[in-house]
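Working notes, structure below.
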Amino acid sequence: MPGEGQPWLHELITVLSAPTMALSEQSGQMRRSGAQGVLHAHSRVLSQAVLEIDGAEPFPARSGLLSASTALFASIPRRTADDSVDPAVWVERQRTVSAGLLAELVRVTGGPRARGDVRVTLRVAADLAVLPDIKSGLTCPLATITAANSGLEWGAGALRVTLSAPGAVLTVAGDGGEAQLTWLVRLPGGSGRELGWQLVVRDSTAVVTAAPALRAGQDRPWARVRAESADSRLPRLLGRSIEDLAALRMTTARVPGEVFLGAGTPWFLTLFGRDSIWAARLLLPFGWQLASGTLATLAAFQGRRIDRRTGEAPGKIPHELQPTSRATAHGEGLPALYYGTIDATALWVCLLHDAWRWGMPDAVVRALLPCMKGALEWMREHGDADGDGLLEYRDETGTGLANQGWKDSRDAIRFSDGRIASPPVTLCEVQGYAHEAATAGASLLDAFGEPGAAQWRAWAGRLADAFRSSFWVRDPDGDYPALALDGQKRKVDALTSNIGHLLGTGLLSREEESLVADRLGRPDLNSGFGLRTMSADCRGYSPLSYHCGSVWSHDTAIAIGGLIRSGQFAAAVSLADGLLDAAETFEWRLPELFSGRARTETAWPTPYPPSCRPQAWAAAAAGAIILAYLGLEVDVPALSARLAPPRAGGPDCGLRPAPLRVDGLVAGHETFSAGIDADGSGYVSGLSLALASR
């Protein structure tokens, strides 16, 4: 049945342990509307869980996250003692999610005036809707619930769900669409009672599954990562982000030992080439293991043949992986394994090189070199379809993604006057990725004694020449790179955040990097809370457009990293500082994107209602901010490291978190700490690499 469009998420509380997540109102109630419910992999396995006390919903009092996978909801029933307005009973629901499991503990407590019995009920239902249908806002029929010895059961095919509730009376509606759990609780004055229910999910057809369980005695991922600072913003963002990232860890049925990050909840909790690569890259300061798992997983799906329907080509890294076993109510969507991405292949090579520099073992790198060679060949043989030395894309099926860079909405690629570019499209940032991939690949070939490095450096040089002659445009404020070239090779002259991705790729000269850094720091792009995706001076700009004026957390983080790599410290710190202020308004769980309204227009950034939260590359932005403030670079193969914190009070001033100490940094197999003293000087402890300073 038709729905109301994509559900809004900004007021929901999400707890998760991939591939399972629960989304609810702030009250803790899960209703049959929007995206609420318990989702596992690709399906919603519970769409309603409404708690009532004596036939009425309690009034929500307070709620919040205890961790990424646990939330607490406090509420007060509208029930008082006869002679007082004081609440006589209060209720807490503690909800915990682990892979394939939701457990809820309900504490009902009576005050001194509590009298008699309290009837606690939980009304449950499930529609088994798949994610594309939920995202489209479709209303789906309810599954049939049956009573069993273990409690309640429902499912479809290999997807089976069991609900157990010790001590509850279980009843199923006549049509089986809804069930009720009832507890009768006696509350003598000042006493309490704990109730509980548990949901267990099994799906043998899921293409993504939980990350392997930790062995006894093992720390949870990134357990040693923490920051200490007089400015509490960075430690709080880092703490929340690390918890969320650990909860987003997943693996695939094809290579179950290799761990990557699911892109985000609820819409993208699966393998996404670009998203998973960027998240792993931003998190390299905390260890190379995630990068290793991400690289190996994507290598297992690397293209081997030409398939125009899926976009597959030899050497190409895929865009996304979805299940094949369930059809959607609104028809067939993208292929289950879809390759419609112009950038993931080059970014895969860049991640391999960066992970090697951060100490990924030579044996792991060497095993991936054949995949790297295939990826490089794809850039030359298939990425550059018209032979002009630049990479471009076109959806040849009419059913795939019209835009195949990170800004993949249909209206994302616009001229400054608002016109939408015609295909094929040649994106500016993709040329930077390709240039960096070619030079990085050449470095790896040299380091491992493989031939071909010279040809890739020459290829990168020709690409740089083609870019320089094709992309630069001028307005009254000076020169900047165009967003793209359209199908007629016209410069798509909108000024966008995409130019920030060019920094540090080697594609630009130092003078050109300075021009880009200057543009990123101006108020038409820098909102004060992060980097707008499109300049406010463009006619296509809208602060709540998905890709034409909003602020994306990861996009700002990439620009921060590029500014640091190109030595533009002041602009990097300004963007990082704004993103930290934005994070505070979102309770330290940075969303996928938010409004591009300027700090001068609003006291806090406006949410983008359908935005995913948590999302892997948004949470991983904390890694880029850490590197921005520390100015840290590591090159394990060269046995060297560099620490260059922006100087407080110097030409790149603006550093607010000094003093700062970050623990849990990793280079190779060494865990170390780095920090900044109150006077702005940097230090490193626990690292054997030779340290240089700026």
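- Ion pairing between Arg160 and Glu153 fails under the 4.0 Å rule for side-chain N and carboxylate O.
- Within the 3.5 Å criterion, the main-chain N or O of Leu51 finds a donor-acceptor partner in the side chain of Gln29.
- Side-chain contact annotation: Tyr339 with Asp307, donor-acceptor N/O pair under 3.5 Å absent.
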List the steps and the verdict of side chain to side chain contact (heavy atoms under 4.5 Å, CB included) for Val201 and Leu101.
CA-CA 6 Å; Val201 187; Leu101 176 70; over 6 Å; no
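- Note: Ser542 OG to His547 NE2 = 13.5 Å, rounded to the nearest 0.5 Å.
- In terms of modelled atom types and a separation under 3.5 Å, the side chain of Arg613 and the main chain of Ala618 share no donor-acceptor contact.
- Taking CD from Glu243 and CG from Leu66, the interatomic distance works out to 9.5 Å, rounded to the nearest 0.5 Å.
- No side-chain heavy atom of Thr270 sits under 4.5 Å from any side-chain heavy atom of Met250.
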Run Arg240 and Phe586 through side chain to side chain contact (heavy atoms under 4.5 Å, CB included) and show every step you take.
CA-CA 11 Å; Arg240 169 59 62 213; Phe586 293 108; over 6 Å; no
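- Side-chain contact check for Leu181 versus Leu152: some heavy-atom pair is nearer than 4.5 Å.
- Partner His554 forms a ring pair (Phe, Tyr, Trp, His ring centres under 6.0 Å) with one of Phe272, Trp406, Trp278 and no other, that one being Trp406.
- Heavy atoms only, all atoms of each residue included: Gly177 and Ile145 are closest at O-CD1, 4.2 Å.
- Side chain of Thr533 to backbone of Ser550: a donor-acceptor contact under 3.5 angstrom is found.
- Side-chain contact, Trp90 with Glu92: no donor N or O sits under 3.5 Å from an acceptor N or O.
- Using a 4.5 Å cut-off on side-chain heavy atoms (C-beta onward), Tyr608 and His10 make no contact.
- Considering CG of Leu195 and CG of Leu105, their distance stands at 8.0 Å, rounded to 0.5 Å.
- Side-chain contact between Leu237 and Leu590: present, with at least one pair of heavy atoms (C-beta onward) separated by less than 4.5 Å.
- Note: Gln36 CD to Leu9 CG = 10.0 Å, rounded to the nearest 0.5 Å.
- Residue pairs meeting the salt bridge (Lys or Arg N to Asp or Glu O under 4.0 Å) criterion with at least one partner in residues 278-295, sequence neighbours excluded, are Arg281-Asp354, Arg281-Glu436.
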Could you walk me through whether Val161 and Val200 pass the side chain to side chain contact (heavy atoms under 4.5 Å, CB included) check?
CA-CA 6 Å; Val161 186; Val200 177; over 6 Å; no
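- Remark: the backbone N or O of Pro166 is paired with a side-chain donor or acceptor of Trp183 at under 3.5 angstrom.
- Judged purely by atom type and a 3.5 angstrom limit, Thr556 uses its side chain to pair as donor or acceptor with the backbone of Leu531.
- In the model, Ser63 has no side-chain atom that pairs as donor or acceptor with a side-chain atom of Arg93 under 3.5 Å.
- Residues Gly623 and Phe286 approach most closely at CA-CE1, 4.0 Å, considering heavy atoms.
- Annotation: the span from Phe59 atom CZ to Ile53 atom CD1 amounts to 15.0 Å, rounded to 0.5 Å.
- Contact between Ala620 and Leu282 at its shortest, heavy atoms only, is O-CB, 3.5 Å.
- The closest side-chain heavy-atom distance from Lys135 to Phe268 is below 4.5 Å.
- Residues Ile625 and Leu580 form a side-chain contact, since some pair of their non-hydrogen atoms from C-beta on lies under 4.5 Å apart.
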Trace of the side chain to side chain contact (heavy atoms under 4.5 Å, CB included) decision for Leu39 with Thr20:
CA-CA 6 Å; Leu39 291 80; Thr20 308; over 6 Å; no
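- The side-chain hydrogen bond (donor to acceptor under 3.5 Å, both in side chains) with Asp343 is formed by just one residue from the set His319, Arg274, Gln404; it is Arg274.
- Listed here is the closest heavy atom pair of Glu258 and Ser292: OE1-O, 4.2 Å.
- Between Arg226 and Pro235, the closest side-chain pair of non-hydrogen atoms is not below 4.5 Å.
- Side-chain atoms of Ser276 come within 3.5 Å of backbone N or O of Leu261 as a donor-acceptor pair.
- For the residue pair His501 and Asp555, a side-chain donor N or O sits within less than 3.5 Å of a side-chain acceptor on the partner.
- Side-chain contact check for Leu23 versus Met21: some heavy-atom pair is nearer than 4.5 Å.
- Each salt bridge (Lys or Arg N to Asp or Glu O under 4.0 Å) pair with one or both residues in residues 11-38, not counting sequence neighbours, appears once here: Glu25-Arg31, Arg31-Glu57, Arg32-Glu178.
- More than 12 non-hydrogen atoms from other residues, nucleotides or ligands lie less than 6.0 angstrom from CZ of Arg220.
- Of all heavy-atom pairs spanning Ala211 and Arg249, the tightest one is CB-NH1, 3.6 Å.
- For the atom pair Arg224 CZ and Ile242 CD1, the distance stands at 14.0 Å (nearest 0.5 Å).
- Listed for the Thr251 side chain is a donor-acceptor partner under 3.5 Å among the backbone atoms of Val255.
- No side-chain donor-acceptor contact under 3.5 Å links Asp244 to the backbone of Ala68.
- Within the 3.5 Å criterion, the main-chain N or O of Tyr546 finds a donor-acceptor partner in the side chain of Trp552.
- Closest heavy-atom contact between Ile13 and Ala71: CG2-CB, 4.1 Å.
- Distance alone, capped at 3.5 Å, places no donor-acceptor pair between the Ser43 side chain and the Val45 backbone.
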